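Here's the structure we're looking at; comments come further down.
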Amino acid sequence: MRNHTAITTFILLGLTDDPTLQILLFIFLLINYMLSAVGNLTIIFLTFVDTHLKTAMYYFLQNFSFLEISFTSACIPRFLYSIATGDRTITYNACAFQLFFTDLFAIVEFFLLATMSYDRYVAICKPLHYMTIMSPLVCKKLLSGCWIITLLLLIPPLGYGLTLEFCDSEIDHFACDVNPLLRISCFDTEFLEKMVLFSCSFILLVTLMFVVWSYGSIIRTILGFPSAQQKKKAFSTCSSHLIVVSITYGSCIFIYIKPSAKDEMSTNKVASVFITSISPMLNPFIYTLRNKQVKNALNNFLKRLLFLEPQRFHRG
């Protein structure tokens, strides 16, 4: 923490002061967090132990599940602690770390979703060259690129933001977020707001355009298939990813559709709960229930675990 920062501790106002609503909110968030953690850890585990899930698609899904766990863990446990204990204070350093990691994991997710759409494009539009194009080395380079681009976009505005001084200690949110922090800054934040707006616009537009291009090419290819069965099978390989993309982009775009000034912060907080709690809980169920290979891997593991059939070892 810089020596010239007057405020050393912030107070997170949370979502509500109603004791009854706080209890309901605590139960709701705790259940969602546990389901999210269990669901995403299950996907990670299955992609490690089942040799049928060793393709590029499941390599990216494994990393996406890791990001989901990391993202929700960066803010929800702290909020649960605040509700349970009534302690709403958070230090300057803890707030800075929370802001950095939530933004880091969230931005990497967007680039990874775009990368996963490219993987689906290659699988459907260039199936004969899939193993060559999406080789393990290429997958690692694509994943590394997601992290590198994210850091290049995140570090400049975050570094500049660390020089801000604050005139108020109350953050009108349940976690440290950019907009509530800018509201209580003593400095003119116009330049920083432009940096944040540029970064957010670049991330959303570039990744969304790439996703739209990928699925546009996929749809054109699928429509050219001769049989309805081929079309159905091709669509089924993309449906899970497409649903997750729709949820992720839809909820984030909702935040940037500015409501009235009076309702803006409360609306954004509700949308933030969806992004940080509900969406990470839904995603593993979407991939598990709509993906035949993941369901088979889970069923095989549960059968071996419950001794319902002799243990089988898949050959790589």
Side-chain angles (χ1 to χ4, degrees), residues 32 35-36 39-40 43-44 47 53 55-72 102-126 130 134 139 142-143 145-147 149-150 153 199-223 231-257 271-295:
N32 275 353
L35 288 174
S36 173
N40 284 294
I43 289 178
I44 293 173
T47 54
L53 305 181
T55 63
M57 174 183 176
Y58 298 105
Y59 173 76
F60 292 132
L61 179 57
Q62 178 188 103
N63 283 275
F64 184 76
S65 295
F66 166 76
L67 288 171
E68 289 283 61
I69 294 173
S70 302
F71 173 62
T72 193
T102 51
D103 286 353
L104 175 68
F105 297 132
I107 296 171
V108 174
E109 275 194 21
F110 278 101
F111 286 108
L112 185 56
L113 283 172
T115 303
M116 293 169 76
S117 70
Y118 174 72
D119 170 73
R120 293 298 82 207
Y121 159 77
V122 176
I124 292 175
C125 300
K126 301 179 183 294
Y130 179 75
M134 302 304 295
C139 291
L142 288 171
L143 182 63
C146 293
W147 285 90
I149 295 173
T150 296
L153 290 170
S199 297
C200 292
S201 301
F202 178 84
I203 294 162
L204 284 173
L205 290 176
V206 170
T207 56
L208 185 57
M209 286 174 60
F210 197 83
V211 170
V212 170
W213 171 82
S214 297
Y215 276 99
S217 301
I218 289 171
I219 291 172
R220 286 196 300 270
T221 301
I222 291 176
L223 292 177
K231 293 178 181 179
K232 182 179 179 181
K233 183 178 180 181
F235 271 120
S236 67
T237 63
C238 303
S239 59
S240 299
H241 179 254
L242 194 55
I243 293 172
V244 171
V245 165
S246 300
I247 292 174
T248 303
Y249 281 92
S251 54
C252 287
I253 291 173
F254 179 78
I255 288 181
Y256 288 98
I257 298 176
S272 296
V273 170
F274 182 87
I275 294 171
T276 58
S277 177
I278 301 175
S279 180
M281 181 271 295
L282 291 176
N283 292 343
F285 290 99
I286 292 170
Y287 276 110
T288 302
L289 296 176
R290 299 188 63 87
N291 188 296
K292 185 176 180 180
Q293 285 184 294
V294 175
K295 284 196 293 185

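Since the model is a prediction, treat every value here as computed from it, not as a measurement.
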Minimum-distance pair of heavy atoms, taken over all atoms of S65 and I43: OG-CG2, 3.4 Å
Inter-residue atom distance I247.CD1 - I278.CD1, 0.5 Å rounding: 10.5 Å
Throw together a table of side-chain donor-acceptor distances under 3.5 angstrom for residues 199-209, partners on residues two or more places apart or in other chains.
| from | atom 1 | to | atom 2 | distance (Å) |
| --- | --- | --- | --- | --- |
| S199 | OG | M195 | O | 3.1 |
| S201 | OG | L197 | O | 2.7 |
| T207 | OG1 | I203 | O | 2.4 |
| T207 | OG1 | L204 | O | 3.4 |
| T207 | OG1 | Y249 | OH | 2.7 |

Restricting to side chain to side chain donor-acceptor pair (under 3.5 Å), what partner residues turn up for E109, sequence neighbours left out? none
Go through it in stages, so that I can follow the logic: the residues are F71 and I275, the test is side-chain contact (heavy atoms from CB on, under 4.5 Å), and I'd like the CA-CA distance, side-chain angles, deciding distance and then a yes or no. CA-CA 10 Å; F71 173 62; I275 294 171; 3.8 Å; yes
Name all residues meeting the side chain to side chain donor-acceptor pair (under 3.5 Å) criterion together with S277; count only those two or more places apart in sequence or in a different chain, and write none if there are none. N32
Looking at residues at least two apart in the chain, or sitting in another chain, which of them share a ring pair (Phe, Tyr, Trp, His ring centres under 6.0 Å) with Y215? H241
Rounded distance [0.5 Å steps], CZ in F60 versus CG in L67: 12.0 Å
Sequence neighbours left out, what passes ring pair (Phe, Tyr, Trp, His ring centres under 6.0 Å) with F64? Give chain and number order. none
Show your working on side-chain contact (heavy atoms from CB on, under 4.5 Å) between C238 and I218 and close with a plain yes or no. CA-CA 9 Å; C238 303; I218 289 171; 4.1 Å; yes
Run the numbers on T102 and T276 for side-chain contact (heavy atoms from CB on, under 4.5 Å), then give the verdict. CA-CA 9 Å; T102 51; T276 58; over 6 Å; no
Interatomic distance, OH@Y58 vs CD1@I44, rounded to 0.5 Å, equals 15.5 Å
Tell me if a side-chain donor or acceptor on N63 pairs with a main-chain N or O of Y59 at a distance below 3.5 Å. yes
Among I149, T150, L143, find the residue that satisfies the side chain to side chain contact (heavy atoms under 4.5 Å, CB included) test when tested with W147. L143
Please determine, by modelled atom types, if E68 and N40 share a side-chain donor-acceptor pair under 3.5 angstrom. no
Residue set satisfying ring pair (Phe, Tyr, Trp, His ring centres under 6.0 Å) with W213, at least two apart, ordered chain then number -> Y121, F210
L61 CG to T55 OG1 distance, which is reported to the nearest 0.5 Å: 9.5 Å
Treating T72 as the side-chain partner and I69 as the backbone partner, does any N or O pair qualify as donor plus acceptor under 3.5 Å? no
Any sub-3.5 Å donor-acceptor pair from S36's side-chain atoms to P280's backbone N or O? yes
In this structure, CG of L282 is separated from CG of L35 (nearest 0.5 Å) by 9.5 Å
OG on S217 to OH on Y118, rounded to 0.5 Å: 11.0 Å
List the steps, then state whether side-chain contact (heavy atoms from CB on, under 4.5 Å) holds for L112 with M116. CA-CA 6 Å; L112 185 56; M116 293 169 76; 4.1 Å; yes
